Amino acid sequence: MRPHFPLAADTTYLNHGTVGVAPKRVLAAKIALIEEMERAPSRFMLRELSGEMPAPWRQGPTRMREAAGKVASFVGARADDLVFTPNVTAALNAVLRYFPLERGDEILTTDLAYGAITNAALYRARETGAVVNVIRMPYPTTPSAARDAIVEAYGPRTRLAIVDHITSESALLLPLAEIVAALKARGAAVLVDGAHAPGAIELDVPSLGADWYGANLHKWCHAPRSCGFLWASPELQEGLHPSSISWGLDTEFASRFDWVGTLDPSNYLAAPEGIALLREWNFEAVRDYMHRLAWEGARHLAERWDVELGMPEEMVGTMATVPLPERAGTGHEDAERLRLALLTEDKIEIQLHAFRGRLWVRLSAQVYNDMADVERLAEAVLRRV
Ligand SMILES: Cc1ncc(COP(=O)(O)O)c(C=O)c1O
């Protein structure tokens with residue numbers, strides 16, 4: 001599968017989960033869209049894109065709604081409930097900015113959440129006098145231990161919980177529907193960080209029961225960067241705006257987000273090409289290949305490094321996090337030194353971080369990876385630590 005991607009031939013790229021690479025065909029679709037746009041820029045941007053002005057030559061939905069509809073159908077949603085955002089960060093910031101909070105209210109999140117998203121919650125808490133409760137998650141873990149830790153942290157002032165579908169550095173697929181149901185039964189609103197879910201696992205967003213679901217399409221869904229989405233349950237769309245207010249103020253949910261001023265829409269409009277490719281490649285087979293490589297790869301690394309994995313297979317999607325031998329170091333500086341050496345000297349790009357006094361790698365398994373990549377990493381680390 002590697003020839004489908006523009007990756008440099010001299011690098012072992014095991015970091016798709018951090019910065020994904022778009023397939024060549026998707027990049028070609030994006031360039032074709034840009035060329036089409038530049039042939040008649042005003043017509044495309046003002047009349048066809050989101051319907052700011054009439055386009056009598058076109059039938060059916062605007063370009064943005066057409067693309068959003070294709071993404072929505074891939075994740076089980078209605079087109080009207082899904083809007084494009086540049087990334088999941090923008091999607092979650094929009095919800096945080098709109099969600100009403102008072103002094104002493106609590107936003108619940110975990111120490112496995114992505115740091116930048118926790119920052120967004122902290123910023124909102126500063127503005128409102130709310131507090132952010134970052135709970136310590138059990139690790140090693142199981143689905144029920146993870147679920148119980150989050151649900152039991154619900155308290156009388158919890159108003160909003162931010163829950164990961166697949167956690168970031170630890171790469172754990174959480175039992176999201178169960179967590180959402182329990183939190184909502186207790187009275188919390190639930191905002192999901194689904195950064196790593198679309199294209200990595202089978203996804204039916206509305207059935208998860210959350211209030212809002214933000215995600216990236218530029219990681220596992222093969223969209224060009226920058227491309228994410230925000231799904232909002234129909235009764236929670238009023239008052240929810242993008243972080244930059246534009247002409248959509250006081251219009252419907254979708255049109256508020258479809259025209260946020262003159263931004264390049266080519267990534268959004270090319271997103272359906274990534275989904276078309278996944279379907280052509282047989283999405284089920286692709287998922288199965290990536291999952292097996294992540295899990296078997298993690299087991300292989302654990303065996304080569306003589307370490308224990310901290311999660312069962314059911315918590316692994318397309319990424320798996322593996323501890324390094326203890327002698328590799330303990331802190332951020334050790335992690336950065338080793339990561340840089342792997343990159344510059346061994347030409348291996350891998351997410352490598354410090355967590356709870358130990359170093360870990362997060363292995364990303366895309367269709368262009370195979371076990372030879374994993375073994376190259378195993379061997380390079382053993383040579384260095
Ligand atoms: C769980 C999680 N949330 C949010 C993000 C942020 O993604 P972006 O920078 O594309 O908004 C990441 C990035 O890796 C992530 O892992």
Side-chain angles (χ1 to χ4, degrees), residues 13-22 71 83-97 107-124 132 134-135 137 139 141 146 150 160-174 176 179-180 190-201 203 205 208 210 212-231 242-244 257 260 263 267-268 271 274 294 311 315-321 335 339 349-353 355 360-366:
Y13 198 71
L14 290 165
N15 201 22
H16 193 95
T18 307
V19 182
V21 48
V71 172
V83 291
F84 285 110
T85 57
N87 53 20
V88 67
T89 302
L92 268 60
N93 267 277
V95 175
L96 280 163
R97 169 175 163 163
I107 303 172
L108 174 64
T109 186
T110 81
D111 65 350
L112 300 184
Y114 189 65
I117 300 301
T118 304
N119 278 349
L122 287 167
Y123 184 77
R124 184 68 179 136
V132 181
V134 182
I135 62 158
M137 290 289 279
Y139 199 91
T141 193
I150 296 173
L160 176 67
I162 306 175
V163 184
D164 287 306
H165 201 166
I166 297 169
T167 62
S168 190
E169 290 180 340
S170 46
L172 298 169
L173 174 57
L174 299 182
L176 185 63
I179 295 170
V180 171
V190 183
L191 166 60
V192 176
D193 180 345
H196 295 280
I201 57 172
L203 186 57
V205 169
L208 293 164
W212 309 274
Y213 191 106
N216 276 332
L217 297 168
H218 57 215
K219 288 189 188 287
W220 299 92
C221 224
H222 295 318
R225 250 179 332 278
S226 312
C227 190
F229 73 76
L230 172 62
W231 173 89
S243 297
S244 297
F257 284 80
V260 191
L263 294 177
N267 302 320
Y268 302 156
M311 69 294 177
M315 296 185 92
V316 171
T318 54
M319 305 184 290
T321 296
R339 184 173 173 167
E349 181 76 81
I350 181 90
Q351 208 280 2
L352 196 160
H353 61 277
F355 173 65
W360 309 70
V361 291
R362 185 186 68 187
L363 181 68
S364 288
Q366 238 317 338

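Remember, it's 1-based here, ligands and their atoms both numbered in the order they're listed. Model, not experiment: these values are computed from the prediction. Just so you know, these numbers use all the heavy atoms, side chains as well, and skip hydrogens, waters and symmetry mates.
Within the 4.5 Å cutoff, the side chain of Thr321 has no heavy atoms near those of the Met311 side chain. Contact annotation: the side chain of Glu169 never approaches that of Met319 to less than 4.5 Å [non-hydrogen atoms, C-beta and beyond].
Residue contacts with ligand 1, taken as heavy atom pairs separated by less than 4.0 Å, involve Val88 via backbone and side-chain atoms alike. Of the heavy atoms in Thr89, both backbone and side-chain atoms come closer than 4.0 Å to ligand 1.
Ligand 1 places these atoms under 4.0 Å from at least one heavy atom of His218: 10 (O). Atom numbering of ligand 1 starts at 1 in the shown order; those under 4.0 Å from a heavy atom of Ser168 are 1 (C), 15 (C), 16 (O). Close approach to Asn216 involves these atoms of ligand 1, each under 4.0 Å from a residue heavy atom: 7 (O), 8 (P), 10 (O). Taking every heavy atom of Lys219 and a limit of under 4.0 angstrom, the matching atoms of ligand 1 come to 13 (C), 14 (O). Of all the atoms in ligand 1, the ones that sit under 4.0 Å from a non-hydrogen atom of Asn87 are 8 (P), 10 (O), 11 (O).
Remark: of the listed residues Thr18, Ile350, Leu14, Thr18 is the sole one forming a side chain to side chain contact (heavy atoms under 4.5 Å, CB included) with Arg362.
The line from OG1 of Thr109 to CG of Asp164 is 6.5 Å long, rounded to the nearest 0.5 Å.
Ranked by closest heavy atom to atom 3 (N) of ligand 1, the top entry among Ile117, Asp193, Asp164 is Asp193.
For Asp111 (side chain) and Met137 (main-chain N/O), a donor-acceptor pair under 3.5 Å exists by modelled atom type. Distance alone, capped at 3.5 Å, is enough to place a donor-acceptor pair between the His218 side chain and the Cys227 backbone. Side-chain atoms of Ser364 never come within 3.5 Å of backbone atoms of Asn15 as a donor-acceptor pair (strictly under, hydrogens ignored).
Ranking the protein heavy atoms by distance from atom 16 (O) of ligand 1 puts His196 NE2, 2.6 Å first. Among all protein heavy atoms, the one lying closest to atom 6 (C) of ligand 1 is Tyr114 CE2, 3.3 Å.
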